[in-house]
Amino acid sequence: MMSGEEEAPTPQQEPEQVKKTDEPPPAAAAAEEEEKAKPASGSGSPASAEEEKPITYRALVLTGYGGCDKIKLQVKSMKKASLKAGEVLVRVKACGLNFAELLGKQGLYELLPSPPVTLGMEGSGVIEAVAEDVTDRKVGDRVIAMNRHGMWQELAVVPANRTFPIPDGMSFEEAAALPINYMTAYMMLFEMANLRPGKSVLIHMAAGGVGIAATQLCQTVQDVTIFGTASASKHETISQGGVTHPIDYRTKDYVTEVRKISPKGVDIVLDPLGGADTQKGFGLLKPLGMLIVFGAANCVTGQKKNLLAMAKTWYNQLTLNTLKLMQTNKAISGFHLGYIRDEELFERTLVKLLELYQQGKIKPHIDSRYHFEEVADAMKRMHDRQNIGKVILLPEPKKSEEKSEEKTESNAEAAENVEKAEAAVSEKKEDAAEEVEAGKD
């Protein structure tokens, strides 16, 4: 007998108390469940399997602080199914290069995480996947995409609220050139300085991305006088773009030049330089004028961090107290797009800029295009201040035909040099032979 239980059946007895059922034994049930779990032929499971399959993409990664050699083109992998709530996956078609990336590779951009990190804050492309909770974006949408970093890659995961539909007629390159430069210029001019008709503005680096954006936006307001600093070779372009008085900062003192035309000074100064130029800018302000500091380009003098340049910029930085501001009736503001946390302001500004584009009032000026393989050349162009407008990076691999053309040109040039050298040698031999003949005579 078993305590508290029924008597166990003996082997000779029919176990009447054990009920017979049609249910399969546990092992069979497990096998059946496993069979059910297997993907059925012709069902939607291949799509699920496709989502789980890793996809590879190329990315420009900052591997350490220093020169352009620290930026490496690497191949990474990810799964489409790895999107988190509120995210979308974008196939990037074009990326924007900003001065922040030049600072970042030298370790001077505080919002960029430590290496290794993928660079890039803006781009444009086509949505390839969306998270389940994203309802206002769909696969196939052409979008502008922004993030704090990570846009310099063929595939980028970004928050859906940092993507904006590209208007009809706008190219991927224009879309990549718009966000950072134009949002910076717009917020400074209209949110901070309250630009109005009849005012005057001094724009430093007027041929750069922000400079051209600011010039175009100033022209949306009546009777605004624009002073713009740039090297002499860029004056024709910026004059055609709307700069009233171009000034060659390399050969002339821009303070003197501004005073010649406007003895009282200007109403607004946009300063991306820092250091001594901030002091000059403050001195150029009219009463009730505003100086907006939004960069420290004077710190960047070479491919690597220059401590002397940083110290010089810091030493010459403008220093004053609030009493001085009161006595001069002037204002100083600082602007950094990276620290804007107001998503509503962010969205409202970009939507407004897209409206202005559609109205034909603004249009990004593309200076040059470089494939990912040529990122060092792109950064050098901006560093040397050779660009007029936006420098664009293209994730698409450089086509073999382009490489062949370059190789052909290189080979042709080399062949030409060889021919010249052979001709020179032949000429020398002929001269030598003539001298020998002359000696015999």
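Separating the NZ atom in Lys286 from the NZ atom in Lys264 is a distance of 7.0 Å, to the nearest 0.5 Å. Considering CD1 of Ile71 and CG of Leu119, their distance stands at 5.5 Å, rounded to 0.5 Å. Residue Asn161 holds its CG atom at 10.5 Å from CD of Glu87, rounded to the nearest 0.5 Å. Within the model, atoms CG of Asp248 and OG of Ser231 stand 6.5 Å from one another, a figure rounded to the nearest 0.5 Å. For the atom pair NE2 (His235) and CD (Gln240), the distance works out to 13.0 Å, reported to the nearest 0.5 Å. Of the inter-residue distances, the one linking Leu189 atom CG with Thr220 atom OG1 reads 8.5 Å to the nearest 0.5 angstrom.
Each of Phe99, Phe294, Tyr182 was evaluated against Val210; a single residue qualifies, Phe294, per the side chain to side chain contact (heavy atoms under 4.5 Å, CB included) test. When each of Val157, Val134, Asp133 is tested with Leu83 by the rule side chain to side chain contact (heavy atoms under 4.5 Å, CB included), just one qualifies, namely Val157.
A donor-acceptor pair is defined here as one N or O able to donate and one able to accept, closer than 3.5 Å; no such pair exists between the side chain of Ser262 and the backbone of Val258. A side-chain donor-acceptor contact under 3.5 Å links Arg142 to the backbone of Met170. For Lys361 (side chain) and Gln358 (main-chain N/O), no donor-acceptor pair under 3.5 Å exists by modelled atom type. The closest donor-acceptor contact from the side chain of Asp342 to the backbone of Leu345 lies under 3.5 Å. For the pair Lys234 (side chain) and Asn387 (backbone), a donor-acceptor distance under 3.5 Å is present. The closest donor-acceptor contact from the side chain of Asp367 to the backbone of Gly389 lies at 3.5 Å or more, if one exists at all. Between the side chain of Lys330 and the backbone N or O of Phe282 there is at least one donor-acceptor pair closer than 3.5 Å. Panel note: side chain Asp267, backbone Ser200; a donor-acceptor pair is recorded below 3.5 Å. Panel note: side chain Thr118, backbone Gly150; no donor-acceptor pair is recorded below 3.5 Å. Remark: side-chain polar atoms of Glu122 are paired, donor with acceptor, to backbone N or O of Ile180 under 3.5 angstrom.
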Can you list the steps and then say if Leu62 with Lys70 is a side-chain contact (heavy atoms from CB on, under 4.5 Å)? CA-CA 6 Å; Leu62 179 67; Lys70 296 296 184 181; 4.1 Å; yes
Verdict with supporting geometry, Leu273 and Met205, side-chain contact (heavy atoms from CB on, under 4.5 Å): CA-CA 9 Å; Leu273 303 172; Met205 299 173 71; 3.7 Å; yes
One pair to check against side-chain contact (heavy atoms from CB on, under 4.5 Å): Tyr249 and Ile247. What are the steps and the verdict? CA-CA 6 Å; Tyr249 69 96; Ile247 301 170; 5.7 Å; no
Between Thr328 and Leu285, does a side-chain contact (heavy atoms from CB on, under 4.5 Å) hold up when you go through it step by step? CA-CA 9 Å; Thr328 56; Leu285 287 179; over 6 Å; no
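Residue Ile203 comes nearest to Ile226 through the heavy atom pair CD1-CG2, 3.7 Å, listed as atom of the first residue, atom of the second, then distance. Between Ala206 and Ile238, the shortest heavy-atom distance links the atoms O-CG2, 3.9 Å. A pairwise comparison of heavy atoms in Ala100 and Met121 identifies CB-CE, 3.6 Å as the closest pair. Pairing each heavy atom of Ala214 with each of Leu270, the nearest pair is CB-CD1, 3.9 Å. Of all non-hydrogen atoms in Ala59 and Lys76, the two that sit nearest each other are CB-CD, 4.3 Å. Taking each heavy atom of Pro246 and Ser239 in turn, the nearest pair found is CG-OG, 3.4 Å.
Between Glu373 and Arg58 there is a salt bridge, with a side-chain nitrogen of the basic residue lying less than 4.0 Å from a carboxylate oxygen of the acidic one. Look at Asp377 and Lys380 and you find no salt bridge, because none of the NZ, NE, NH1 or NH2 atoms lies under 4.0 Å from a carboxylate O. Glu343 has a carboxylate O that lies under 4.0 Å from a charged side-chain N of Arg162, or vice versa, which qualifies the two as a salt bridge.
Environment of NZ in Lys199: sparse, with no more than 12 heavy atoms of neighbouring residues, nucleotides or ligands closer than 6.0 Å. Counting heavy-atom neighbours within 6.0 Å of Glu236 CD, excluding the residue itself, gives a total of 12 or less. The environment of CD in Glu110 is crowded: more than 12 heavy-atom neighbours from other residues, nucleotides or ligands sit within 6.0 Å. Atom CD of Glu344 sits in a sparse spot, with 12 or fewer heavy atoms from other residues, nucleotides or ligands closer than 6.0 Å. Residue-environment remark: CG (Asn321) exceeds the threshold of 12 foreign heavy atoms within 6.0 Å.
Counting heavy atoms from C-beta outward, Leu108 and Tyr65 have side chains that stay 4.5 Å or more apart. You'll find the side chain of Thr215 reaches within 4.5 Å of the side chain of Gln219, heavy atoms only. By the 4.5 Å heavy-atom criterion applied to side chains, Glu154 and Pro397 are counted as neighbours. Within the 4.5 Å cutoff, no side-chain heavy atoms of Met183 are placed close to those of Leu178. Between Glu347 and Phe164, the closest side-chain pair of non-hydrogen atoms falls below 4.5 Å. Leu356 places none of its side-chain heavy atoms less than 4.5 Å from the side chain of Gln216. In this structure, Met379 and Glu101 have side chains that are in contact, with non-hydrogen atoms separated by less than 4.5 Å. Side-chain contact between Tyr254 and Leu202 is present, with at least one heavy-atom pair separated by less than 4.5 Å.
By the ring pair (Phe, Tyr, Trp, His ring centres under 6.0 Å) test, His245 is found to be paired with Phe227, residues two or more places apart in sequence or in another chain being considered.
For the residue pair Arg137 and Thr163, a side-chain donor N or O sits within less than 3.5 Å of a side-chain acceptor on the partner.
In this structure, the ring of Tyr186 has its center less than 6.0 angstrom from the ring center of Phe190.
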